[in-house]
Amino acid sequence: MSSYTVLYRKYRPADFSEVKGQEAIVKTLKNQIKANRIGHAYLLCGTRGTGKTTIAKILAKAVNCEHPVDGNPCGVCKSCQSISDGTSMNVIEIDAASNNGVDNIRQIRDEVQYSPTDAKYRVYIIDEVHMLSVGAFNALLKTLEEPPSYVIFILATTEAHKLPITILSRCQRYDLKRITTDVLATRLTELMEEEQIEYEEKAIRYIAKAADGSVRDALSLLERCIAFYLGEKLTYEHVWEVLGAVDTKVYSEMLCNILAQDTGKCMELIEDLMMSGRELGQFVTDFTWYLRNLLIIKSADNPEEMIEVSFEKQSALREEAALIEVPELMRFIRIFSELSNQMKFSTSKRVLLEIAVIKLMQPEMEQNIEAVFGRLAKLERKLANGRFVTTAKDDDEPVKTSENLSLAEAAKEKVLEKASPEDLKRLMDTWKKIIAKAAGIMKVHLKDCQITTAGDNRLVLNFTKDMAFRYMQKDSNRQMLEELITKQTGKIIAVECNLIQAGTQSEDQFMENCKNINMMIFEEEE
């Protein structure tokens, strides 16, 4: 019984043509091999999973291949086979993380005196070379500068800035870039077809995005998802469950609750995430990315090119971006970026997340320019909501004004009557004034609705956007609007919400029905 090989090892590229996303580097190395202009020292830099070690091994095979084809190793000759099997005496791989001393480098310096056996070159691949000690770097310098003609050094690192300038100046440096989501998704699709596993394109796309530019991470995530639902079709819901992801609607809901200063709702959301088994660290990362998308939309001329989401999601993001200003967004991103680093080493991730959310709602806790903008934005929202700060008399009893009386208090002084059809008609004429007095978030949503009356004293808000409908459907927001209307009209008017599909037959039929029953319709002008 043969042992199972994990995907990232099974599908490791065997030649340059299989390397994805690093076309410029691949072309350069192939041209060097074809023209026999091979350097003596190469430095491959890049983040994890971008192909540093893979390219190093292919280069080692290509320079020793007996029958190279267009700069690629043939893969069938004795030299290629021995390197692929890891049995070649002419390709030596060294992990600098565990072999970082002077003695290890001195051993290399002694070995390079001997010519390779049955090959053109002796190749040393030193992985994570930045882990070498200062003494080891010094011992390597002379050999790296003037090695024998049959020796090639290939250094790989994720942190090139830690290498001495004396090492950098002796190498041909190649910086490997992160792999784009499109390239990763295409590669994963090819592997799924080869493995004969059914899948949803949306699921593959999500895995590619979660891999964050790393091919190895993408294959490892795909391996987890396939193993968890072995023998089943890989769906978006399956990936969502395995990777501990969060429905994207939660991000917009969290932002709206933060802007509305609703601590209770925020804590409920965090509780729901915990009870559903979601990884809070991943939520923080994804929420920070969501805030970044909002910032791009508000700041860039062509944000569509920098945000990899569907057109439908872009429209929703534009609506949500209108609720918050750039300085406040930058403050949110800074706080959550700091939180992400703190959570890596904490055993109380939930507490840290709750503190950060409360901190977002309390800009007065900070003393910097971003917090000042946050406090101004918070004050503007309070003023727009009609929630004014009261001053205290000498006996510390708060002053009550006609502006901050609740409906219950107003009812004690004057019994309010239900609105008549004439009152509702007058309300139509003053609807813009009511919108102007609404809170910043509510104001945006009310501008995108049509209002109708439904008999008695009922006012119906008809929405075509789901986010606006969900926001106004909440009891607290609906009651806030009813209070604004009552202050404006002096009458009791009940508010109801309705969701219709924009641009569909249902919307046209709805408008036709309104005309047939002589229902009053009011549409806010842009």
Side-chain angles (χ1 to χ4, degrees), residues 6-8 10-11 20-21 47-51 177-255 269 272-297 303-318 320 336 340 343 466-467:
V6 294
L7 293 179
Y8 80 83
K10 181 178 180 180
Y11 292 101
K20 305 297 181 182
T47 57
R48 70 188 189 283
T50 50
K177 59 186 179 181
R178 288 179 180 270
I179 314 301
T180 64
T181 302
D182 289 335
V183 172
L184 282 176
T186 301
R187 181 57 177 158
L188 294 182
T189 300
E190 293 172 356
L191 302 190
M192 294 294 282
E193 296 287 351
E194 195 165 337
E195 292 287 320
Q196 298 182 343
I197 299 175
E198 289 188 89
Y199 62 92
E200 285 184 359
E201 184 178 346
K202 190 177 179 182
I204 296 297
R205 188 80 183 175
Y206 188 90
I207 293 174
K209 184 178 179 181
D212 194 24
S214 169
V215 179
R216 185 170 62 244
D217 285 3
L219 294 177
S220 296
L221 292 175
L222 180 63
E223 186 97 49
R224 283 173 54 191
C225 296
I226 293 174
F228 197 87
Y229 291 97
L230 194 60
E232 300 181 37
K233 180 179 181 179
L234 187 63
T235 65
Y236 175 76
E237 287 73 19
H238 289 170
V239 173
W240 188 78
E241 287 289 336
V242 173
L243 301 185
V246 178
D247 190 349
T248 53
K249 291 182 179 179
V250 174
Y251 308 135
S252 59
E253 192 173 348
M254 176 65 84
L255 179 63
L269 274 176
D272 291 342
L273 291 173
M274 289 289 295
M275 297 306 295
S276 59
R278 303 301 168 210
E279 172 56 44
L280 294 185
Q282 185 63 42
F283 169 77
V284 170
T285 301
D286 291 344
F287 187 68
T288 306
W289 192 257
Y290 161 78
L291 294 174
R292 172 262 185 192
N293 288 343
L294 296 184
L295 183 62
I296 293 296
I297 285 177
E304 297 83 5
E305 300 176 1
M306 292 174 275
I307 301 176
E308 295 182 345
V309 297
S310 64
F311 180 77
E312 180 184 349
K313 288 287 180 62
Q314 286 184 21
S315 300
L317 285 173
R318 289 186 183 278
E320 292 155 17
F336 261 70
S340 182
M343 292 181 76
D466 181 64
M467 182 181 175

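What you see is a predicted model; the values in this text were computed from it and never measured.
Applying the side-chain contact (heavy atoms from CB on, under 4.5 Å) rule to Ser340 yields the partners Val284, Thr285; only residues at least two apart in sequence or on another chain are considered. Qualifying side-chain contact (heavy atoms from CB on, under 4.5 Å) partners for Ala208, counting only residues two or more places apart in sequence or in other chains: Thr181, Leu184, Ala185, Leu188. For Lys10, the salt bridge (Lys or Arg N to Asp or Glu O under 4.0 Å) partners are Glu195, not counting sequence neighbours. Remark: Arg216 pairs with no residue by the salt bridge (Lys or Arg N to Asp or Glu O under 4.0 Å) rule, at least two apart or across chains. Partners of Tyr199 under the side-chain hydrogen bond (donor to acceptor under 3.5 Å, both in side chains) rule, at least two apart in sequence or in another chain, are Glu193. Applying the side-chain contact (heavy atoms from CB on, under 4.5 Å) rule to Lys233 yields the partners Glu198, Glu200, Thr235; only residues at least two apart in sequence or on another chain are considered. Applying the side-chain hydrogen bond (donor to acceptor under 3.5 Å, both in side chains) rule to Glu194 yields no partners; only residues at least two apart in sequence or on another chain are considered. Residues forming a salt bridge (Lys or Arg N to Asp or Glu O under 4.0 Å) with Glu190 (at least two apart in sequence, or on another chain): Arg187. Residues that satisfy the side-chain hydrogen bond (donor to acceptor under 3.5 Å, both in side chains) test with Glu237, not counting sequence neighbours, are absent from this structure.
Residue pairs meeting the ring-ring contact (aromatic ring centres under 6.0 Å, His included) criterion with at least one member in residues 211-235, sequence neighbours excluded: Tyr229-His238.
Of the options Phe287, Phe283, Tyr290, a ring-ring contact (aromatic ring centres under 6.0 Å, His included) to Phe336 is made by Phe287 and by none of the others.
Taking the side chain as every heavy atom from C-beta outward, Leu222 and Leu234 approach each other to under 4.5 Å. Between Leu291 and Tyr251, the closest side-chain pair of non-hydrogen atoms is not below 4.5 Å.
In summary, Lys209 and Asp182 do not engage in a salt bridge, as defined by a charged side-chain N under 4.0 Å from a carboxylate O.
Residues Glu232 and Ile197 approach most closely at O-CG2, 4.4 Å, considering heavy atoms. Annotation for Val242 and Arg224: closest pair O-NH2, 3.2 Å, computed over non-hydrogen atoms. Looking at every heavy atom in both residues, Leu294 comes nearest to Glu320 through CD2-CB, 4.1 Å. Of all non-hydrogen atoms in Val183 and Lys20, the two that sit nearest each other are CG1-CB, 3.8 Å.
Here the straight-line distance linking atom CG of Leu295 with atom OG1 of Thr288 works out to 12.0 Å at 0.5 Å rounding.
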